[in-house]
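Numbers restart at 1 for each chain; the letters A, B, ... are given by sequence-line order, proteins then strands. Source: prediction; values computed, not measured.
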Amino acid sequence: MLEISNLYKSFGNLKVIDNLNISFSSNKIHCIFGPSGCGKSTLVNIIAGTMDYDKGSINGMVGKRISYVFQEDRLLPWATIDENMMFVLESGFEKSRGQQTIDKYLSLVDLLKFKNHYPEELSGGMKQRVSIARAFAFRGDILVMDEPFKGLHLEIKKDIMDYILKEWNKDDKIIFFITHDMEEALYLSDYIYIFNGPPLKLKRKIDIDIPHLEREESKVKLRAKVNDYI
Amino acid sequence: MKDSTIKNKKPLNKIFIFAFWIAIWQLVYFIVRQDIYVPSPISVFIRIRELVVLTAFWRSVSYSIYRVMAGIFLSIVIGLITAVISSINRYFHDLIQPLMTAIKSTPVLSFIILALIWFNSSNVPIFICFLMCYPVIWTNLLTAIHNVDKKLLEMAKVYKVNRLIVFKKIYLPSVLPYFTAACITCLGLGWKVSVAAEVLSHPRNAIGSNLYSAKVYLDSAELFAWTLVVILLSFLFELLFAKIIKKLSVRKTFRGKL
């Protein structure tokens, strides 16, 4: 469980987060939905620790490792795909185990044969898949994904989402998922948080209690439920 | 209408370029017809041939190389240390910044004359070379450190990558191109200012001292010969440095974007 209380964050005069109180339960996929610039990226950056906050408290983060799929690929341009993956594993893995992990996740995103290529040689979508593989290989306790499937083919997107549902959505993990794509949100999330702002305010929290595999059939109903609040 | 597109033709042959400028030199010589103003290329080459067999020539060249290298080495070491501190500490940066501006805009001759009072003649060129190269190294390295991709550093922070790996895998590759550029600039600049300092301080074994005596005896052929030697040395050192850097940063060539 992750609890955020009385959180404040401003950029100059702009109050991006103004007394936000929210909690996120473990073992769930939380989808964060809202217009561009409403402050949702600021919120996940604060959770991930890449941004400081002005006031407030975040409980449940001590000792937690974070896997982050950024909006951009953030790969080292001078290192091969393999070296890029190793970069985040090097501190915690032995070399041979690291190599196995890398191969496993590069296969998952269908990029194993590009292991020794440089990011410049890959298309935008392929680089994004490497970034996803890197986040999975690191196996953080919290997985943050900021529009991770932008520019990916439908098929590979479905494979990755199914993998998340099957392998990641357990062991006390918390998954944050920012997207503008309703289909993705309806397929993957347990909760959809609809925000507006700035300052970031929770407009509605929608609990999607239909099991993931049965969602296809109820998609129209679900869609209508969410659309009411957007 | 003729369909024409401009395409790069084959590059000019290096020997042709060399021959072209020698021909221009020869032409100027024919027009001026005064050896004291412009010696002929042939007489200069003969003079070089006479010089290279002398031990004194090699001694002067070696000592001058030593001075340039010592000056550049000092500027790299001190430049590196102060650039790193400046990037971390704002106060240190603000203190050192005006010094760099002052060094950059002060005529090199003012420093040479001052250095003549402060140091013995052999050390003056080292000091001058250091002083002129130092701001170049400092500025380039500082720019490089500031330009390290913040998003990559943020990624490394999220994934808790240890500092040594961050230094090796993010800082070093980002800074290296700026550092290389700074060193190449310094190699050219270093030769220029060191020889100028040698001309004024005339240490015992130095290219600059030989230039000075050539001037005193109005021996233009020798003046040209020594000048050519400086150009050649500066060129050779740049070439050598580029080769070393290339070896250090071996990276596969791209096989084309997919």
Side-chain angles (χ1 to χ4, degrees), chain A residues 41 44-52 63-93 111 113-114 116-127 130-131 134-144 146, chain B residues 80 83-84 87-90 140-184 241-258:
Chain A
S41 283
V44 293
N45 282 329
I46 288 174
I47 293 172
T50 57
M51 202 179 268
D52 292 328
K64 292 273 197 285
R65 299 165 82 239
I66 294 160
S67 285
Y68 202 139
V69 181
F70 298 92
Q71 248 180 62
E72 326 81 20
D73 54 75
R74 303 206 188 182
L75 300 175
L76 312 176
W78 41 77
T80 61
I81 300 312
D82 184 55
E83 288 161 350
N84 262 291
M85 302 274 290
M86 200 42 127
F87 177 71
V88 302
L89 299 181
E90 232 158 11
S91 305
F93 273 90
L111 284 176
K113 57 176 186 286
F114 293 98
N116 296 318
H117 285 242
Y118 285 91
E120 248 169 320
E121 301 169 276
L122 269 58
S123 71
M126 288 159 105
K127 283 190 268 195
V130 177
S131 165
R134 178 176 63 187
F136 287 169
F138 186 70
R139 294 207 70 83
D141 306 298
I142 294 173
L143 172 65
V144 179
D146 195 349
Chain B
L80 191 73
V84 171
S87 70
I88 300 167
N89 189 316
R90 179 85 223 166
N140 272 38
L141 284 180
L142 199 64
T143 314
I145 297 170
H146 282 314
N147 282 351
V148 171
D149 192 341
K150 303 279 178 301
K151 292 192 162 175
L152 290 180
L153 293 175
E154 212 175 76
M155 182 271 291
K157 193 180 163 197
V158 168
Y159 285 111
K160 297 195 165 61
V161 179
N162 96 33
R163 279 186 187 181
L164 189 71
I165 299 174
V166 173
F167 173 76
K168 254 169 53 186
K169 299 283 170 68
I170 298 183
Y171 279 100
L172 220 54
S174 313
V175 168
L176 205 63
Y178 289 85
F179 177 69
T180 314
C183 286
I184 288 174
F241 180 75
K243 276 237 160 99
I244 294 170
I245 286 294
K246 215 175 168 184
K247 272 217 159 152
L248 279 177
S249 51
V250 184
R251 190 187 186 294
K252 284 172 209 156
T253 48
F254 292 141
R255 278 151 287 184
K257 215 174 152 86
L258 293 162

side-chain contact (heavy atoms from CB on, under 4.5 Å) assessment of A:V88 paired with B:M155 | CA-CA 9 Å; A:V88 302; B:M155 182 271 291; 4.2 Å; yes
By side-chain contact (heavy atoms from CB on, under 4.5 Å), B:A182 pairs with (sequence neighbours left out) B:V136, B:I137, B:N140
Side chain, backbone, both or neither of A:Y68 within contact of chain B (heavy atoms, under 4.5 Å) = both
CG of B:L152 to CG of A:N84: how many Å apart, nearest 0.5 Å?
-> 8.5 Å
Nearest atoms (heavy-atom pairs only) where A:W78 meets B:K169 | NE1-O, 2.7 Å
Test salt bridge (Lys or Arg N to Asp or Glu O under 4.0 Å) applied to A:R74 and B:E154, step by step | CA-CA 9 Å; A:R74 303 206 188 182; B:E154 212 175 76; 2.8 Å; yes
Near B:K243 NZ, under 6.0 Å, is it more than 12 heavy atoms from other residues, nucleotides or ligands?
-> no
Under the salt bridge (Lys or Arg N to Asp or Glu O under 4.0 Å) rule, collect the residues that match up with B:K151, sequence neighbours excluded.
-> A:E72
Side chain, backbone, both or neither: which part of B:I170 has a non-hydrogen atom closer than 4.5 Å to chain A?
-> both
Chain B: which of A:L75, A:V144, A:L76 shares the most heavy-atom pairs with it under 4.5 Å?
-> A:L76
Greatest number of heavy atom pairs closer than 4.5 Å to chain B - which of A:S67, A:A48, A:G140 = A:S67
Do side-chain atoms of B:Y159 reach the backbone of A:L89 as a donor and acceptor pair under 3.5 angstrom?
-> no
